[in-house]
Amino acid sequence: QQQVKQSPQSLIVQKGGISIINCAYENTAFDYFPWYQQFPGKGPALLIAIRPDVSEKKEGRFTISFNKSAKQFSLHIMDSQPGDSATYFCAAGPGTSGSARQLTFGSGTQLTVLP
Amino acid sequence: GAVVSQHPSWVICKSGTSVKIECRSLDFQATTMFWYRQFPKQSLMLMATSNEGSKATYEQGVEKDKFLINHASLTLSTLTVTSAHPEDSSFYICSARRTAGVGYNQPQHFGDGTRLSIL
């Protein structure tokens with residue numbers, strides 16, 4: 001019940017294209033859904049996050065779409081650039097109700113944007 | 001933005017030695033810090049939750065006597081890998097959450113990790 005399933009495992013996109021990464025969760029207690037970007041040899045960096053009271057959140061070229069009934073959320077990267085090439089992790093966690101407020105991470109997606 | 005500093009970034013040592021990794025929140029207070037382990041091309045595995053002024057909470061399967069965690073202040077948590085062996089070689093990452101009032105979920109901010117290599 002704690003799993004967060006992420007797909008695809010790897011993704012190759014042409015420069016200027018749209019990158020789409022999907023995640024699904026099981027625990028209905030989750031109400032905080034961040035996405036992290038990780039470059040090799042670095043720690044994950046928070047990219048964008050959403051709470052289930054909205055269905056979409058956009059920050060620059062990055063958009064999260066959230067479907068509460070399906071327990072799914074996705075990251076869209078518009079106008080993908082070679083500099084976006086990294087590993088992306090979705091995560092989910094309890095919001096105000098969780099005492100430890102831990103995050104459960106997806107398995108990661110290796111994104112390669114071709115020049 | 002929030003900054004979490006992790007030190008050292010890379011350490012190589014002989015089998016049997018103990019290694020201490022520091023995690024500092026530089027511009028905010030963190031009641032809770034988390035320690036993760038990450039193998040190449042894999043996701044982050046939560047090892048333990050570190051709470052300031054109290055004992056850490058370890059995830060199932062993580063040896064608390066092997067991985068000692070101390071969170072003595074609101075800006076510093078340390079992970080000590082005791083009597084390290086080659087199988088302990090990994091990328092260790094900490095994260096910190098800004099202390100906030102009840103009812104508000106603050107994001108986790110990650111350090112840049114420590115690559116531990118045990119010979």
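Each chain gets a letter, A, B and so on, in the order the sequences are listed, and its residues count up from 1.
- Put simply, B:Val62 and B:Ile118 are part of the same group of oily side chains (I, L, V, M, F, W, Y) that touch within less than 4.5 Å, one to the next.
- Only the side chain of B:Gln38 comes within contact range of chain A, judged by heavy atoms closer than 4.5 Å.
- Under the 4.5 Å side-chain contact rule for hydrophobic residues, B:Val81 and B:Leu76 do not share a cluster.
- Between A:Gln38 and B:Ile93, the closest side-chain pair of non-hydrogen atoms falls below 4.5 Å.
- In this structure, B:His85 places its NE2 atom where more than 12 heavy-atom neighbours from other residues, nucleotides or ligands lie under 6.0 Å away.
- Taking 4.5 Å as the limit, every side-chain heavy atom of B:Gln108 sits out of range of all side-chain heavy atoms of A:Leu46.
- More than 12 heavy atoms of other shown residues, nucleotides or ligands fall within 6.0 angstrom of atom NZ in B:Lys66.
- Both A:Val13 and A:Leu47 are part of a single hydrophobic cluster, where members link through side-chain heavy atoms under 4.5 Å apart.
- Distance alone, capped at 3.5 Å, is enough to place a donor-acceptor pair between the B:Ser43 side chain and the A:Gly106 backbone.
- Transitive grouping of hydrophobic side chains (ILVMFWY, heavy atoms separated by less than 4.5 Å) keeps B:Ile69 and B:Leu74 in distinct clusters.
- Within the 4.5 angstrom heavy-atom criterion, no atom of A:Phe39 approaches chain B.
- Taken from OG in A:Ser10 to NZ in B:Lys41, the straight-line distance is 9.5 Å, to the nearest 0.5 Å.
- For chain B, the nearby parts of A:Pro44 are the backbone and the side chain; heavy atoms of each come within less than 4.5 Å.
- The contact between A:Phe89 and chain B is made entirely by side chain atoms (from C-beta outward), counting heavy-atom distances below 4.5 Å.
- Taken from CD in B:Gln6 to NZ in A:Lys42, the straight-line distance is 11.5 Å, to the nearest 0.5 Å.
- Following chains of ILVMFWY side-chain contacts shorter than 4.5 Å, one can reach B:Val11 starting from B:Phe67, so the two form part of one hydrophobic cluster.
- For a residue to count as touching a neighbouring chain, one of its non-hydrogen atoms must lie under 4.5 Å from one of that chain's; by this rule A:Gln9 does not touch chain B.
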